[in-house]
Structures are given as structure tokens and as C-alpha cells.
Student: 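What follows is a structure written as C-alpha cells; I'll ask about it next.
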Amino acid sequence: MKNTVNDRPLRVVIAKAGLDGHDRGAKVIARALRDAGMEVVYTGLFQTPEQIVQTAIQEDADGIGLSILSGAHMTLFPLVVEQLRAQDAGDIVFFGGGTIPAEDAQQLRELGVREIFTPGAPLQDIIDFVRRECGKRRALVG
Amino acid sequence: MKSQASDAELLRDFDRGSQRALARAISRAESGRGGELVRALYPKTGRAMTIGLTGPPGVGKSTLASGLVRKARALRRSVGVVSVDPSSPFSHGALLGDRIRLNEHFTDERVFIRSMASRGHLGGLAGATGDAVLMMDAFGLDVVLIETVGVGQSEVAIAELAQTTLVALQPGSGDSIQVLKAGIMEIADVFVVNKADHPMANQLRREIRSMMEMLQWPGWVPELVTTQALAGDGIDDLWAAVERHVAYLNETGEIEQRRREAFIHQVRQLALGQLERRLDHALREDARDDVDPYEAADRILSSF
């Protein structure tokens, strides 16, 4: 399957936000996307929403994947959505994952998070989602 | 959502100081479509101080880079960082992790950090690194730091691109013969012995000193600085050494020679890239195997 649009691999920022030191999931996703042929920028732990969005802008990322396992998802996801709007960067595909109850995930989708993956989600589904959605963004923005 | 901006639109935003436009411009260079942009921006280049930072994986290049960014910001200079990590030769994907050490600077609007995947490029840099440096220079960033992939012994392209090359070395990684070998040991304007708290740090310093005493240095004599980048120790000394080198380049006029080398480096990269594409095309078109390899190579080259 195609991982490049305009001869350039898709670029995705994988981020951890707030007081949440559990990064194994984020690393697994980063590695899976790398092996699927994408360029993955990993931010490291304890980032603020501003830092995450600034990183995505400077890296010209097609997408941001945010992992939250601390329970603060209803605070942090909306703050990233807000930052993306404030920075006029709504074209960047924002998705996430973590221990997030179904009703919260639904609410986050309504707020503008493109997709939420919960424990047990097959890696292939995540890769397919990123490829499809980030590919669309790339085709549009170039 | 915005659709694909034209080069002219991108340049307009670029001139207004939009980081987004700079980011897009670098992407365009990475996909081999940066020619018009570089052409337009080239007259604005030549102002930035360019510092290359190389050394083996894990020596602390990103941590040193972070220290240098902090120092430059304390001096009120704006900074660009281009940080190269390797691409997979198998999947072509990459995990770019250098930003982790630089995260204290993420929201400083006068610091612009860009990670680059090497995309099969040898020599420790990526194909578009030169373009990214020119673009950051034209953007008005005062200092541009270029961090190579973690290198082995022979990745020396950085010395052609940067005005000042820092070679960071790791205590405890080999005997005295290692520092005598050819390759990256020959390109340093400043040697940095990082991890000063390591028990072997003094031994490495002695080895570098004695290696330097064996040789004649007609011009600049490389400096040796010891740092413990994680604690921020020695960064002031390192910055002072860089400034002495830049002063030396300016006083002797060698700066022009360095600029010319950087220019030639880039022309060579561009020409090689085009030649490679033409060669690949010719090989696909004319893949005959009824002659010997030398004959086949001669034939293809004569068609160029």
C-alpha cells in the first residue's frame, strides 16, 4: 500500500500530554507507523497542548496522535483541538488513544477529535486510519 | 481547510514570518519541489551563523544542541535546529526522536526545530538539509544548528555544510587508536568531550590532546571542550569556542571559503540527485545483459 503522497512519507506526531508517564502504548504506535513507512516524530512525555501543536506545525505533520492513560482526556483532548483552531491548523488530523470510556470517546469525536482508539484496537486498524485520513490531508495541502 | 498554496502565496507568508510557511517550504524541498522557493529566497541568505554537530549515537548531540539553543536565546538570538535521524532502508519509515531533548524550547517563538529523516542519504545528512538551512537563514534565524544522524567514522558531509563543526565524543568508547583514525576526527573545529562525569573522560581528553600534538595545524587549531550537557556544564565554554572559531573565520577571510564549500556541497547534491534519476531511468530503459558490466556502464554514460 502507498505510504507516500507527492513522494514524501506521511509525517505523524505522536505525543504524550500532562502528568502521564505511561508511554509504552505511544511507543508501540510510533513503531508500528514507522514500520508502515511513515515518519514519526515522538515528542516525549509531559507535553502541554501548546507544545504539541507547535511541534506539529514546525514539523509540517499530517497528523497528531495523542495518547492519554491518566484519566485527563476530557481536559487535554479539547485543549489540543482548541490550540489547533487558534493556530489555524485545523487541517492536521487529530486522533488519540488510551483508556477512554465509550461515552467520553463519543463526546470527543463530536468536539473534533477525528478518532479515538481504545485498548485492544488492532494496530492494522490504526495504521489504515492514519494512512487514509493523513493521506487525504496531504493530497489537499501538499 | 486550506488547499495547496502556490509558491508565491507561501513566500508571502514566509516574508511575514509565518512558521507554518517555513515548515511547508522545507517540506516542499523534501519532496524535490523546493527549487523555485530557494531561487526566490537565496538573495536573503548568508546572514546566519551555521553550526554543525556530529558524533556517534547516544553521545548527547541533542542534549548539547538544547544547551546551545538555551545559550543563544540567553544572548537574544533566534535559532533554527535541523535534526537528522535515520530512515529505515526497509520500510522507508523513521522514528524522529531528537525533539525530546529540545522540548523546553517548543513554545519559544524564536526557536524553530525541524526533524528530518535521512531517506537513504549517506554522509549523516538528509538530501534536503542544505535547503532547510538556506530557508532558515532566509527566514531570519540568527543561528542555525545542524545535528547529524548518529555517525560512525566516515560521515563528514556536515563539515562542508556548516561554518563551524563540533565533533562530540564519548568517553570509554575505544582505545587511543580510535582518535587517530581518518574520517570524523579530521573535520572538527571543536572537539567536545561530553559526559564529563564519566570515569574515562580525562583519558579521552588526553588522547585527543596527544593526537593533536602529533600534527601540524597550518590554520585553525581545533579546540577541546569538556561538557556535561545534561547538567548544562561546559556549554558556556563551548559557545565561547564556537565564537572564537567564527571570529577566526572572519578575520582570516576563511569564511568565504567555507561559504563556497557549502555552496559547492549543495550544487553537488542537486546535480547528483538529477544524475541519479536519469541513470535510474536509463537503466530501466536499457537493461541489456548481453555485454559486460563495464561496457554497459560506458554505453549508458555516453548517452548522457
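Residue numbers begin at 1 in each chain, while the letters A, B, ... track the order of the sequences.
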Student: Is Arg99(B) positioned over the aromatic face of Tyr42(A), cation under 6.0 angstrom from the ring centre and no more than 45 degrees off axis?
Tutor: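 The answer is no, since Arg99(B) fails at least one limit relative to Tyr42(A).
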Student: If you tally heavy-atom pairs under 4.5 Å against chain B, which of Arg34(A), Gln58(A), Gln54(A) wins?
Tutor: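 Result: the option with the highest number of such pairs is Gln58(A).
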Student: Side chain, backbone, both or neither: which part of Arg101(B) has a heavy atom under 4.5 Å from chain A?
Tutor: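 Contact with chain A involves no heavy atom of Arg101(B) at all.
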Student: Is it true that Arg138(A) and Asp62(A) make a salt bridge, defined as a side-chain N closer than 4.0 Å to a carboxylate O?
Tutor: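 Asp62(A) and Arg138(A): salt-bridged.
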Student: What closest approach, in Å, do Ala117(B) and Ala126(B) show between heavy atoms, and which atom pair accounts for it?
Tutor: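 That closest heavy-atom pairing would be O-CB, 3.4 Å.
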Student: Top residue by heavy-atom pair count (under 4.5 Å) with chain A, among Leu102(B), Ile100(B), Thr107(B), Asp85(B)?
Tutor: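 Highest number of heavy-atom pairs under 4.5 Å: Ile100(B).
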Student: In this structure, which one of Asp104(A), Ile100(A), Ile68(A) forms a side chain to side chain contact (heavy atoms under 4.5 Å, CB included) with Met74(A)?
Tutor: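 When side chain to side chain contact (heavy atoms under 4.5 Å, CB included) is applied between Met74(A) and each of Asp104(A), Ile100(A), Ile68(A), only Asp104(A) qualifies.
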Student: With a 4.5 angstrom heavy-atom cut-off, is it the side chain or the backbone of Val111(B) that approaches chain A, or both, or neither?
Tutor: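 The answer is the backbone of Val111(B).
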